[in-house]
Amino acid sequence: MAPLPDAVQIAPSILSADFAALGDAITCVQPVADLLHVDVMDGHFVPNLTIGPPVVAAINRHTAMTLDCHLMMTNPGDFLDAFARAGADWVSVHVEVDATADLLKEMRGLGLGAGLAINPETPYEAIEPWLGQLDHVLVMTVHPGFGGQAFMSDVVPKLRRIATTVARGERPVIVEVDGGIDVHTIGQTAAAGARCFVAGNAVFRAPDPAAAVGDLRRAAETAIAAEVGG
Ligand code: DX5
Ligand code: ZN
């Protein structure tokens, strides 16, 4: 069953894990996390290179976790089928890449959870027309390309606007945030309407990654309770 859109979901980003011990890192967060965030970078859309379908397939053999694949790619359409076959569950393509309608249609056809990611500098108006058709929307709170960057609080008004539009719609779209999320920053994104939280350094660079997931969840839930109560 799909999770309720209002439930808090924590998605550790393996970009901050030790790639030489990736299986162990996943095993550690698997019992406590909701999704596994997989950052795919093409060296073109972003100035970094990471992983592709063969690694997603290996991860999929290792874990039953829901794989949340964030495609920071200029040409995601060339690889959607490969990611679906590798075992991706959710896929986000960037709204800054053209052919959004075709990409969403193809994601649906492949049975993938269909998401759109939006960069910090991209205006709300670019994503507004698509919000009613998504399974999730990935709001970047850093410039994509690297883990461990500082949270950009100036994105929060746009996040709130996106979450407000989603809440008024009929479709249960999950609002996900990505970049610089830790116990200090997660609250403001939860209060603004985010319910799914990607965290790389805050999880995998913590002494106890599983405990860090719990700390993030509690911080988000506390902020949501204060927002609802207040
Ligand atoms: C950045 C990636 C993020 C990154 C987040 O381009 O999309 O998912 O792994 O890492 P932290 O949480 O360390 O900012
Ligand atoms: Zn990401």
Side-chain angles (χ1 to χ4, degrees), residues 8-19 22 25-26 29 33-52 55-56 59 65-74 76 79 83 88-97 112-122 127 134-156 159 174-190 194-207 209-217 219-220:
V8 167
Q9 297 186 89
I10 307 293
S13 168
I14 60 168
L15 187 62
S16 297
D18 176 359
F19 276 16
L22 193 49
I26 294 167
V29 297
D34 302 279
L35 306 156
L36 198 66
H37 187 80
V38 180
D39 285 308
V40 176
M41 303 185 186
D42 69 349
H44 189 259
F45 183 75
V46 288
N48 198 3
L49 274 173
T50 54
I51 68 179
V55 177
V56 173
I59 294 169
M65 289 182 79
T66 298
L67 303 184
D68 170 30
C69 296
H70 176 191
L71 306 191
M72 287 160 273
M73 307 176 72
T74 304
F79 292 91
F83 280 107
D89 298 292
W90 296 16
V91 167
S92 302
V93 298
H94 270 263
V95 70
E96 295 82 12
V97 173
L112 296 164
L116 269 186
I118 179 168
N119 279 342
E121 67 278 11
T122 303
I127 202 147
L134 305 178
D135 295 312
H136 56 280
V137 52
L138 182 63
V139 180
M140 295 306 300
T141 43
V142 297
H143 294 295
F146 302 92
Q149 301 182 79
F151 176 78
M152 296 172 67
S153 57
D154 52 341
V155 177
V156 173
L159 168 65
I174 293 170
V175 180
E176 183 177 17
V177 282
D178 184 7
I181 299 296
D182 61 22
V183 287
H184 305 292
T185 58
I186 197 170
Q188 55 190 295
T189 67
R195 291 296 178 266
C196 184
F197 306 90
V198 176
N201 271 25
V203 171
F204 288 116
R205 301 289 166 98
V213 170
D215 292 343
L216 289 167
R217 190 186 304 282

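Computed from a predicted model, the values in this text were never measured in an experiment. FYI, side chains are in, hydrogens and waters are out, and symmetry mates aren't considered; it's all heavy atoms of this structure. In listed order, ligands and their atoms are each counted from 1.
Remark: ligand 1 atoms within the under-4.0 Å shell around heavy atoms of G147 are 10 (O), 13 (O). Residue G179 approaches ligand 1 through these ligand atoms, each under 4.0 Å from one of its heavy atoms: 14 (O). Under a 4.0 Å criterion applied to the non-hydrogen atoms of M72, ligand 1 contributes the atoms 6 (O), 7 (O). Numbered from 1 in the order shown, with element, the atoms of ligand 1 that lie under 4.0 Å from a heavy atom of M41 read 6 (O). Residue H70 approaches ligand 1 through these ligand atoms, each under 4.0 Å from one of its heavy atoms: 7 (O). Interface atoms of ligand 1 facing V198, defined by a heavy-atom separation under 4.0 Å, are 8 (O). The contact set between ligand 1 and P144, taken as ligand atoms under 4.0 Å from a residue heavy atom, comprises 6 (O). When each atom of ligand 1 is checked for a heavy atom of N201 under 4.0 Å away, the hits are 11 (P), 12 (O), 13 (O).
The protein atom (non-hydrogen) at minimum distance from atom 4 (C) of ligand 1 is D39 OD2, 3.6 Å. The protein non-hydrogen atom at the shortest distance from atom 14 (O) of ligand 1 is G180 N, 2.8 Å. Summary of contacts: the protein heavy atom closest to atom 6 (O) of ligand 1 is G145 N, 2.7 Å. In this structure, atom 1 (C) of ligand 1 lies nearest to the protein heavy atom F146 O, 3.5 Å.
To the nearest 10 degrees, the Zn ion (ligand 2) sees OD1 of D39 and NE2 of H37 at an angle of 90°.
Nearest to atom 8 (O) of ligand 1 by heavy atom, out of D178, V142, L15, N48, is D178. Comparing heavy-atom distances from atom 12 (O) of ligand 1 across S92, A11, G200 singles out G200 as nearest. Across A202, S13, G148, heavy-atom proximity to atom 11 (P) of ligand 1 is greatest for G148.
Checking each of T122, V139, L116 against I127 for a side chain to side chain contact (heavy atoms under 4.5 Å, CB included) leaves exactly one that passes, namely L116. Partner F197 forms a side chain to side chain contact (heavy atoms under 4.5 Å, CB included) with one of D34, V177, L216 and no other, that one being V177.
Put simply, CD1 on I26 and CD1 on I59 are 4.5 Å apart, with the number rounded to the nearest 0.5 Å. Annotation: the span from L112 atom CG to D89 atom CG amounts to 8.0 Å, rounded to 0.5 Å.
A donor atom on one side chain and an acceptor atom on the other are not found under 3.5 Å apart for D68 and H70.
The nearest N/O/S atom of H70 to the Zn ion (ligand 2) is ND1. Note on D178: its N/O/S atom closest to the Zn ion (ligand 2) is OD2.
Listed for the N119 side chain is no donor-acceptor partner under 3.5 Å among the backbone atoms of E121. Proximity of a side-chain donor or acceptor of D42 to a complementary backbone N or O of T74 within less than 3.5 Å is detected. At distances below 3.5 Å, not a single donor-acceptor pair connects side-chain atoms of T141 with backbone N or O atoms of M152. A distance-only check finds no donor-acceptor pair linking the side chain of D135 to the backbone of G115 [under 3.5 Å]. At distances below 3.5 Å, not a single donor-acceptor pair connects side-chain atoms of Q9 with backbone N or O atoms of L35.
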Practice prompt. List the steps, then state whether side chain to side chain contact (heavy atoms under 4.5 Å, CB included) holds for E176 with V198.
Written response: CA-CA 7 Å; E176 183 177 17; V198 176; 3.4 Å; yes
